[in-house]
Amino acid sequence: MLNYFGAKLLDNFNQAFANVPSQGMLLNADGYWLKGAKSEDEWGFMFPNRKNHTFGKTFPQAWQQISQKESGQFQTAEGMFTFTTVYPLLEGQKSSTGAGQAFAPSQNQIDTKSYYWKIVSWVSPEMLMAKSNRFLSQLLLLYAGLIGLIGIGSWLLAKASVNRQMAQLELKQSETELRKLVEREKILKTRLSSQIRNSLDLNTILSTVVVEVRELLQIDRCQFFWCHQEDESTSFELSQQACAPDLPEPLGCSPIQNVEALSEAIVQGNLLCFDDIATDPWLDFKSRNLLVTLGFKSLLTVSVQTQSGRLGVIVCEHTRALRSWSDEEVELIRGVADQLAIAIDQAQLYNQSRAATAAATTQAEQLNHVLHNLKQTQAQLIQTEKMSSLGQLVAGVAHEINNPVNFIYGNLTHVNEYTLGLLELVELYQKSYANPTHEVQAYIEAIDLDFMAEDLPKLLTSMKMGANRIREIVLSLRNFSRLDEADMKPVNIHEGIDSTLLILQNRLKQTSGNTGIEIVKEYGDIPLVDCYAGQLNQVFMNLISNAIDALDSYNSQRTLEDIEPNPSQIVIRTQLRNPDRITIQIADNGAGITPAVKQRLFDPFFTTKPAGKGTGLGLAISAQIVTEKHNGAIWCISEPGRGAEFWVEIPISQSSTLATTSTASLSRV
């Protein structure tokens, strides 16, 4: 397109000086010929062997005046020079390479006033001399001849003056045409190329094309159609159109959809141009009458061939008056079609890239979902195995301990009765035989009968308390595992928490290496809750164990002086959240949790504990039990340095309407 306009520009320049006796030249700002007297002197800045072929080298005296002024006319020994300055760079293209070699990279950015051309008209001394000699000869002949010839000489002088004025006028007209060409190029680049290539949306591109082409050519209507070929049939689908705002009424139809000859030519890639449809010989009588009946007067169509194989067509229509399509306009539309084909291919590549990216993203999401399910399944298997092992252990321990404890506990009652009876018998013997034998008296003193009589009942009571303690531990183990309760049933939540605390009692006591942890119970008045007791107890075990681990780790970094004013403490609080739900809060006053860790608390296999001290499944399993098994929610409230508080919220009855899902629950962490 640029080559075309450049050729047109130079052709118009040559035509401007075709009938003028002077020699027309077009120079750039450095004095190189863009158009000169000799073709071998032109474009010297592009060829190394023409570096010295400049106007300044050939006409140094004239170049000194031309380069310093905008326009003017003067005569030197080198001839007569008429010149003016033009600025080809308009708004929308404000840069030039400025390079000394063709196709060299840009050296700087300049504005429109910094880049200019010089149009020079040169009349050689020889031509001036010839004209002058011819003129003098005529004057001598006229002067020597008749006085009437003086009038003829005057007429010739006047004619010469008119010719010079005509030359100047033609030069101005040439400059005007040049400006129009540059303006048309500017319009093409700024209003079409930039807008088309700035968008990768196909509909936006097509809409921009029809609007800008209609405004650029000032036509009644511009349309873009997609051409679809199936088997032997051809159909056209209207994609975008732009109509003149003052058009009385849209036609509602298209010529290519009604005239078979037009359709065939478009499919073959031909450009069709009709200045006057009513008289154009290319159309047959039937097609011509049909188009005239539909209201068309002038028509221009150009096919848009894309690399992807899609075929489109730009249709320019004029319906209110005849429109003569110039060669420049035809070539402009052809260039637009070429640019549009490139833009369509780019848009399709972009859409294909987006589709591939979306497919890859979907596949990645599916893989993440599968991985998440795999981790959940693995956690479930570990939990099942863990609970199964715990159940077997508890069953064995409970069975082995419960039988002898029941035997001991049952016999303690009889032992207590027998002991009391024997002590009463001894007392009766002492009353009946106030003076025992020396041997009996010595034995009474040896066994300290009075202390035995006083301590033996206490000893039996302690044994009974110990047996009761063992029975409570066995009961707590059974309550914790709930091996006999596979179904959901109403359960006392406080019993499950107390059983968990009983099992963890040895970790809460103060030892030589541990300052001990205080348990604060703030139990509210809550009803029995429908739940899987064994699984819910596992949640309490995980949360309380994590709180103990956090406090132990925190205390290992503190001195006794720091611990005494702020001793380790775990607060367990239960309350009725609303008529349908309860909450269990387990809070510690440890070091707290960072936001980054808090976001991953419930991820399977995530742990902050050292290797070998944590699997990263405790909280993940707890979240699964609470959300999936009990339709509840679990979340954490914590800040560094202010401890951590875990909330467990579950419905009282699973048959009630639930508002919390597992996804919503975890989002509150």
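Along the sequence shown, the residues carry numbers beginning at 1.
- When all heavy atoms of Leu311 and Gln305 are compared, the closest pair comes out as CD1-NE2, 3.4 Å.
- Legend: residues meeting salt bridge (charged side-chain N to carboxylate O under 4.0 Å, His left out) with Arg642, ordered by chain and number and at least two apart, are Glu639.
- Nearest heavy atoms, Val304 versus Ala337: CG1-O, 3.8 Å.
- Of the N and O atoms on the side chains of Thr319 and Lys297, not one donor lies less than 3.5 Å from an acceptor on the other residue.
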Start with the C-alpha distance between Phe274 and Phe296, add both sets of side-chain angles, then the distance that settles ring-ring contact (aromatic ring centres under 6.0 Å, His included), and finish with yes or no. CA-CA 10 Å; Phe274 305 109; Phe296 297 101; over 10 Å; no
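- Residue Phe224 is tested with Val313, Ile205, Ile314 for a side chain to side chain contact (heavy atoms under 4.5 Å, CB included); the sole match is Ile314.
- Between Val336 and Glu212, every side-chain heavy-atom pair lies at or beyond the 4.5 Å cut-off.
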Going through the distances and angles, do Leu272 and Leu299 end up as a side chain to side chain contact (heavy atoms under 4.5 Å, CB included)? CA-CA 8 Å; Leu272 302 177; Leu299 191 66; over 6 Å; no
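- Applying the salt bridge (charged side-chain N to carboxylate O under 4.0 Å, His left out) criterion to Asp603, with sequence neighbours excluded, gives Arg600.
- Nearest heavy atom pair, residue Gln223 against residue Val210, reads C-CG1, 3.9 Å.
- For CD of Gln307, the number of neighbouring non-hydrogen atoms (other residues, nucleotides, ligands) closer than 6.0 Å is 12 at most.
- When all heavy atoms of Gln240 and Leu206 are compared, the pair lying nearest together is CG-CB, 3.6 Å.
- When all heavy atoms of Trp325 and Glu329 are compared, the closest pair comes out as CA-OE1, 3.6 Å.
- Partner of Asn28 under the side chain to side chain contact (heavy atoms under 4.5 Å, CB included) criterion, chosen from Phe45, Trp43, Tyr116: Phe45.
- Nearest approach of Glu42 to Gly36, heavy atoms of both residues: OE2-N, 3.0 Å.
- By the 30° and 60° cut-offs, the orientation of the rings of Phe55 relative to Trp33 is perpendicular.
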Phe236 vs Ile266, test: side chain to side chain contact (heavy atoms under 4.5 Å, CB included). Steps then yes/no. CA-CA 11 Å; Phe236 292 88; Ile266 290 171; 4.1 Å; yes
